[in-house]
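Written out below as structure tokens is the structure these notes cover.
Note that this is a predicted model, so its numbers are computed, not measured.
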Amino acid sequence: MSTQSPQPAGPVRAPAPEPSGVDLARVALRAAKEQAKARGAAAQQKKQARRGGGLRSGARADGRDPLPLGAAINRLITERGWEAPAAVGGVMGRWPQIVGEDLAKHCVPLRYDEDPDERVLTVQCDSTAWATQLRLLAPRLVARLNEDLGHGTVRHIRVLGPGGPRRGYGPLRAPGSTGAGDTYG
């Protein structure tokens, strides 16, 4: 039996060169910066503890600073997931530019059903002729709205014709009549 020491299994590596000159200066600078940062953080914590602790507003912007109204509203819309309803509301405000002045005078958007299965924009027209015209234009109008709002935001436009007069029963009524519904069915 021989008493030899075991040989290493992998290749023998040369020792790493000792850092010198510029490398030593970089290491020392990095260490000094870390120490200064730690001292500054400790001093800041002491100051806050003396003042009563907690976060204080400073010269730099943080998440607690006041926001302009528009930015605050946009942040609220994003946080609550109201992008599609807000966009459709904007469409209702720009209705004359989207459909044209003539059609906008006679057809008014009433509501938007944001249910994912529905996504219907309901529009009421002041005459049956304009309601028919809008029904014919509906596919192009849906495409135009989805260009502005994003694909699939509006799937269908429900067109309502003119409503009859208010169905309040007045003092002068023929016996047996059903009211204003006699002539407007």
Donor-acceptor pairs under 3.5 Å, side chain of residues 93-105 to any protein atom, not counting sequence neighbours: which ones?
{"residue": "Trp95", "atom": "NE1", "partner": "Cys107", "partner atom": "O", "Å": "2.9"}

Atom pair CZ/CG of Arg144 and Leu137 - distance to nearest 0.5 Å: 12.0 Å
Can you name the nearest heavy-atom pair linking Val154 to Val142, along with the distance? O-CG1, 3.3 Å
Could you pull out the closest heavy-atom pair between Leu67 and Arg75, with the gap in Å? CD1-NH1, 3.2 Å
Rounded to the nearest 0.5 Å, what separates atom CD in Glu34 from atom CG in Leu29? 10.0 Å
Shortest non-hydrogen separation from Val159 to Ala131 and the atoms involved: CG1-O, 3.6 Å
How far does OG1 of Thr122 sit from CZ of Arg111, to the nearest 0.5 angstrom? 4.5 Å
Drop me the distance from Cys125's SG to Arg135's CZ, to the nearest 0.5 angstrom. 7.5 Å
Determine whether Val120 and Ile157 fall in the same hydrophobic cluster, where Ile, Leu, Val, Met, Phe, Trp and Tyr are linked whenever their side-chain heavy atoms lie under 4.5 Å apart. no
Restricting to salt bridge (Lys or Arg N to Asp or Glu O under 4.0 Å), what partner residues turn up for Arg155, sequence neighbours left out? none
For Val123 and Leu160: C-alpha separation, side-chain torsions, deciding distance, then whether side-chain contact (heavy atoms from CB on, under 4.5 Å) applies. CA-CA 6 Å; Val123 179; Leu160 303 177; over 6 Å; no
Atom pair CG/CG of Leu134 and Leu141 - distance to nearest 0.5 Å: 6.5 Å
CZ-NE2 distance between Arg158 and His156, expressed to the nearest 0.5 angstrom: 6.0 Å
